[in-house]
Amino acid sequence: MPELPEVETVRRGLNRLIVGRTIASVVHDNDKSFPNAQVDVQHFLLGATVVDVRRRAKVLIIDLSTNYSLVIHLKMTGQLVFRSSQDSFGAGHPNDSLIGDLPDTSTRVTFTFTDDSHLYFNDQRKFGWARLMPTQEVPNIDFMQKVGPEPLEADFTVEQFIERFSRRKKTSIKAALLDQSIIAGVGNIYADESLWGAKLHPQRRVGDVSKNEFKKLYTELRAVMNLAIDKGGSTDRNYVDAQGKKGSYMDFARVFRREGEPCPRCGASISKIRVAGRGTHVCTSCQVVQ
DNA sequence: CACTTGACCTGTCCGC
DNA sequence: TGCGGACAGGTCAAGT
């Protein structure tokens with residue numbers, strides 16, 4: 001569920017909260033949440049100071065002073081939550097975090113910094129992963145090699161956007177939007193939201209999308225993602241930011257999770273169908289299959 | 001190569 | 001109340 005806006009929200013939070021902190025200890029469950037644990041994780045992490053937190057597509061990159069980087073994919077239910085040594089979650093200490101005491105049953109990795117603050121990598125469904133590697137090798141991993149361009153970069157043009165779809169003609173526009181090798185960072189929420197904005201039915205074949213419709217989709221996708229970043233992302237189920245707080249984009253969603261509600265544009269009832277193996281929200285009245 | 005489907009997991013919800 | 005099954009959806013491997 002964390003898509004580009006959610007991962008970007010986490011990145012901004014971590015940038016504020018952990019840059020400059022030095023790792024004192026790491027405890028991990030030694031399964032695929034940290035698949036290269038057999039390399040000496042402790043040796044490369046202990047004493048390392050966080051120097052930057054970057055993002056590429058839905059992947060977070062935590063750069064360390066040792067010229068190593070932690071590369072983390074949250075997949076569906078991953079969370080990265082920071083707690084200072086003062087944070088208290090016991091009775092009589094109200095807070096606005098969605099989650100309580102940490103570590104909890106879904107904690108896969110616990111980083112403790114030298115000031116006794118903590119960063120917890122939680123992942124209920126264990127689809128996420130963390131890897132430690134030299135910073136200079138990060139661009140060489142398979143994921144980075146095949147992932148498409150960042151849709152919110154200032155120099156990403158509508159012409160590039162259209163060109164990226166040129167090798168896909170028969171598949172649905174929704175399947176193409178979800179394909180990370182075409183455009184980076186789009187997931188189920190913002191695919192449905194941007195297709196509604198562009199009045200495109202998710203099952204429209206890519207080859208049947210006109211140039212003007214592509215232009216509209218480009219504009220809508222960027223607008224929707226920028227708004228979502230503004231709102232701290234979407235909390236559908238599990239997502240929380242680096243302080244454990246929910247995002248509020250779902251309050252602004254037009255179709256996602258709104259099956260049965262009236263379309264904000266034409267008033268017809270919003271449907272939920274299945275496209276590209278995903279639950280898909282659509283107004284069949286004003287989003288045209290053609 | 002283009003494209004689709006199933007696997008990976010576990011918590012939640014729904015019907016019986 | 002308990003229990004089975006469907007469902008949630010990011011990515012990769014394996015299938016057509």
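Every heavy atom of this structure was used, including side-chain atoms; hydrogens, water molecules and symmetry mates were not.
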Quiz prompt | Salt bridge flag under 4.0 Å for residues Lys58(A) and Glu3(A) | solution = no
Quiz item: Contact class for Arg274(A) vs. all strands (heavy atom < 4.0 Å): base, sugar-phosphate, or nothing?
Solution: sugar-phosphate
Quiz prompt | Intra- and interstrand pairs of DNA chain B - dot-bracket, Watson-Crick/G-U under 3.5 Å, | marks other strand | solution = .|||||||.|||||||
Quiz item: Under 6.0 Å between ring centres, would you say that holds for Tyr249(A) and Tyr190(A)?
Solution: yes
Quiz item: Checking all strands, does Phe256(A) fall into the base, sugar-phosphate, or nothing category for heavy-atom contacts under 4.0 angstrom?
Solution: sugar-phosphate
Self-check item: Mutual orientation of the aromatic rings belonging to Phe161(A) and Phe156(A) [parallel < 30°, tilted 30-60°, perpendicular > 60°]
Solution: perpendicular
Quiz prompt | Parallel, tilted or perpendicular: ring planes of Phe214(A) versus Phe165(A), cut at 30 and 60 degrees | solution = tilted
Exercise. Would you mind telling me which of Arg257(A), Glu261(A), Arg254(A), Arg258(A) makes a side chain to side chain contact (heavy atoms under 4.5 Å, CB included) with His281(A)?
Key: Arg257(A)
Quiz item: Should the pair Phe44(A) and Tyr68(A) be assigned to parallel (<30°), tilted (30 to 60°) or perpendicular (>60°) ring geometry?
Solution: parallel
Quiz item: Does OP1 or OP2 of dC8(B) have a side-chain N or O of Lys126(A) closer than 4.0 Å?
Solution: no
Quiz item: For nucleotides 10-16 of chain C, read 5' to 3', which letter fits each nucleotide if B means a protein heavy atom sits under 4.0 Å from the base, S means only the sugar-phosphate is that close, and - means neither?
Solution: BBS----
Quiz prompt | Inter-residue atom distance Ile173(A).CD1 - His201(A).NE2, 0.5 Å rounding | solution = 13.0 Å
Quiz item: Starting at CD of Gln203(A) and ending at C1' of dC3(B), how long is that distance when rounded to a whole Å?
Solution: 15 Å
Quiz item: For Arg237(A) and Lys169(A), take the nucleotide of DNA chain B holding the closest heavy atom to each; which residue's nucleotide lies nearer the 5' end?
Solution: Lys169(A)
Quiz item: How close or far is atom P of dC3(B) from atom CG of Asp179(A), stated in whole angstroms?
Solution: 10 Å
Quiz item: In whole Å, what is the span from the CD atom of Gln124(A) to the C1' atom of dA8(C)?
Solution: 10 Å
Practice problem: Respond yes when some side-chain nitrogen or oxygen of Thr77(A) is under 4.0 Å from OP1 or OP2 of dA8(C), and no when none is. | Solution: no
Quiz item: What integer distance in Å separates Ile182(A):CD1 from dC1(B):P?
Solution: 15 Å
Exercise. Would you kindly give the NZ-to-P distance between Lys272(A) and dA6(C), to the nearest whole Å?
Key: 15 Å
Quiz item: Under a 4.5 Å side-chain heavy-atom rule over Ile, Leu, Val, Met, Phe, Trp and Tyr, are Val209(A) and Val186(A) clustered together?
Solution: yes
Quiz item: Can you check the Arg205(A) CZ to dC3(B) C1' distance for me, whole Å?
Solution: 12 Å
Quiz item: Given atom CE of Met250(A) and atom P of dA8(C), what is their separation to the nearest angstrom?
Solution: 13 Å
Self-check item: Heavy-atom closest contact (Leu102(A) atom, Asn122(A) atom, distance)
Solution: CD2-ND2, 3.4 Å
Quiz item: Which residue, Thr105(A) or Arg167(A), contacts DNA chain B at a nucleotide closer to its 5' end, judged by nearest heavy atom?
Solution: Arg167(A)
Exercise. For nucleotides dC3(C) and dC9(B), find the distance between their P atoms and express it as a whole number of Å.
Key: 24 Å
Exercise. Please report, rounded to the nearest Å, how far the P atom of dC7(C) is from the NE2 atom of His281(A).
Key: 13 Å
Practice problem: Compute whether any side-chain donor of one residue and acceptor of the other, for Arg54(A) and Thr135(A), lie under 3.5 angstrom apart. | Solution: no
